[in-house]
Amino acid sequence: MTTRRSLKIFACLSITLAVLMTVSNAWAFRVSGTGYGKTPDEARKEALAELGQNIRVEVKSSFLSLQTQRNKSLDEMKSKAIRLKSDLPILGVQFSELSARQGFMVDAVLTSTSAPLYEKELQTLSVQIAKNLDSLKSVTSAEAKGDLLRGVLTQVEQYYSLRIVAQFLHCENIPDISVTAEDIAARLAELEKKADSLAFGAKILAKNIRTKNIYVYPPTPRNSSEVTSFGSAVKDHLAAQLKTVTHPDKAGAFLTGTYTLLKDGLELTCNL
């Protein structure tokens with residue numbers, strides 16, 4: 001009798017433990033944010049902002065707690081989660097709203113029920129990335145290749161942002177991609193060492209300039225002040241890439257340049 005009773009008690013404890021573990025796992029994938037505002041839209045935006053911040057905290061904590069595991073994919077995601085600065089994509093959020101005399105309160109909740117949405121988005125992105133990489137094989141223009149690579153880079157970064165949350169939600173069907181953001185950035189840097197057209201060269205020179213009200217002077221041959229037809233063409237291409245003014249008196253900055261003829265092309269240097 002004693003033995004039978006002990007077994008029954010042990011069985012009951014096991015069932016209780018299993019139920020508690022199930023409940024604990026269900027709550028483990030629930031993150032929420034609360035927002036307040038004079039209008040429902042304002043409160044929703046605040047709630048989503050807090051939800052995004054809470055997801056970042058939870059994701060970072062989740063990966064840090066597993067840092068002893070030596071898994072390449074995990075280590076890569078953990079590193080990206082720690083460095084994460086941009087907003088994470090939030091899909092399938094459930095809202096609840098309360099109104100009062102002074103405004104509205106909204107709760108935004110993300111649970112593991114959103115996992116299929118992340119899996120679908122990741123699958124779509126992985127197919128698009130593979131398709132665009134395959135398209136590179138038939139593109140001959142450096143400018144067109146650069147545009148395509150920049151598009152792929154954006155997609156890869158979106159993929160990683162989605163994957164971070166998907167792994168946090170324990171998604172089971174996460175597709176892999178064949179490249180990293182670092183791979184694409186390296187290919188872009190190599191491509192931009194030389195420009196095969198004036199338009200592409202102007203785009204490379206102007207890509208990191210955020211200054212407004214620029215007056216562009218035509219670049220001149222080195223050790224000369226002569227304005228050539230080539231210099232005028234460069235000015236037009238650069239002006240198309242920048243926020244410029246049409247007269248020096250209205251300028252907040254000036255862009256000047258010189259160029260040197262080489263055996264297989266020319267070298268153009270600009271100063272802002």
Side-chain angles (χ1 to χ4, degrees), residues 59 71-81 83-92 114-169 171-210 230 233-244 259 262-268 270:
V59 167
N71 180 284
K72 183 178 180 182
S73 177
L74 175 65
D75 287 343
E76 181 184 10
M77 289 297 103
K78 180 190 71 177
S79 175
K80 289 182 180 297
R83 299 198 310 268
L84 200 64
K85 294 181 181 179
S86 60
D87 289 334
L88 287 170
I90 304 174
L91 306 176
S114 293
L117 296 175
Y118 283 89
E119 291 174 351
K120 182 179 179 180
E121 285 294 317
L122 284 166
Q123 183 62 38
T124 299
L125 269 176
S126 66
V127 171
Q128 290 175 344
I129 290 169
K131 183 179 179 180
N132 287 334
L133 288 174
D134 189 60
S135 297
L136 279 170
K137 300 174 184 177
S138 59
V139 176
T140 56
S141 163
E143 183 178 7
K145 283 185 178 180
D147 290 341
L148 196 52
L149 282 171
R150 276 184 283 273
V152 172
L153 182 58
T154 298
Q155 290 173 333
V156 170
E157 289 171 346
Q158 290 172 345
Y159 167 89
Y160 277 124
S161 293
L162 284 163
R163 183 172 170 177
I164 287 170
V165 184
Q167 287 193 308
F168 171 65
L169 294 176
C171 290
E172 296 180 356
N173 301 309
I174 300 179
D176 288 324
I177 55 176
S178 61
V179 293
T180 65
E182 290 75 14
D183 294 335
I184 301 301
R187 291 176 68 172
L188 261 175
E190 184 64 27
L191 183 69
E192 292 178 351
K193 285 182 179 179
K194 288 186 177 181
D196 62 354
S197 71
L198 189 52
F200 186 44
K203 184 177 291 187
I204 294 171
L205 285 168
K207 71 173 185 175
N208 292 321
I209 298 177
R210 301 290 178 263
F230 172 76
V234 171
K235 174 186 176 179
D236 292 340
H237 279 87
L238 283 171
Q241 300 292 330
L242 300 168
K243 296 180 179 179
T244 62
Y259 62 90
L262 307 173
K263 290 182 179 180
D264 57 348
L266 57 88
E267 181 182 50
L268 173 64
C270 290

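Owing to the predicted nature of the structure, the values given are computational and were not obtained by experimental measurement.
- Checked by atom type and distance alone, the side chain of Asp236 never pairs as donor or acceptor with a backbone atom of Ala233 at under 3.5 Å.
- The structure places CD1 of Ile184 at 7.5 Å from CG of Leu136, a figure rounded to the nearest 0.5 Å.
- Tyr118 places a side-chain N or O within 3.5 Å of a backbone atom of Leu91 that can act as its donor or acceptor partner.
- When all heavy atoms of Tyr160 and Val179 are compared, the closest pair comes out as OH-O, 4.0 Å.
- Residues satisfying the side-chain contact (heavy atoms from CB on, under 4.5 Å) criterion with Asn132, sequence neighbours excluded, are Leu148, Val152, Gln155.
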Expected list for residues 198-208: side-chain donor-acceptor pairs under 3.5 angstrom, two or more places apart:
unit_1 : atom_1 : unit_2 : atom_2 : d
Lys203 : NZ     : Glu143 : OE2    : 3.3
Lys203 : NZ     : Asp147 : OD1    : 3.3
Lys207 : NZ     : Glu192 : OE1    : 2.5

query = Does the pair Thr124 and Tyr159 meet the rule for a side-chain contact (heavy atoms from CB on, under 4.5 Å), with working shown?
reply = CA-CA 10 Å; Thr124 299; Tyr159 167 89; over 6 Å; no

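- Within the structure, every pair that satisfies the salt bridge (Lys or Arg N to Asp or Glu O under 4.0 Å) test and touches residues 115-136, not counting sequence neighbours, is listed here: Asp134-Lys137.
- Contact annotation: the side chain of Val234 never approaches that of Tyr259 to less than 4.5 Å [non-hydrogen atoms, C-beta and beyond].
- Taking Pro175 as the reference, Leu122, Gln123, Ser126 meet the side-chain contact (heavy atoms from CB on, under 4.5 Å) condition, with sequence neighbours excluded.
- Residues satisfying the side-chain contact (heavy atoms from CB on, under 4.5 Å) criterion with Ala144, sequence neighbours excluded, are Val139, Ser141.
- Nearest approach of Pro89 to Val165, heavy atoms of both residues: O-CG2, 4.1 Å.
- Between atom CZ of residue Arg163 and atom CD1 of residue Ile174 there is a gap of 6.0 Å, rounded to the nearest 0.5 Å.
- Of all heavy-atom pairs spanning Leu188 and Gly146, the tightest one is CD2-O, 3.8 Å.
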Test log, rule side-chain contact (heavy atoms from CB on, under 4.5 Å), inputs Lys145 and Asp196 = CA-CA 11 Å; Lys145 283 185 178 180; Asp196 62 354; over 6 Å; no

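- Taking the salt bridge (charged side-chain N to carboxylate O under 4.0 Å, His left out) definition, one finds that Lys193 meets it with Glu190, sequence neighbours left out.
- Closest of all the heavy-atom pairs between Leu133 and Ser178 is CD1-OG, 3.9 Å.
- Considering all non-hydrogen atoms of both residues, Gln158 and Leu125 come closest at OE1-CD2, 3.7 Å.
- To the nearest 0.5 Å, the span separating CG on Leu149 from OG1 on Thr154 amounts to 11.0 Å.
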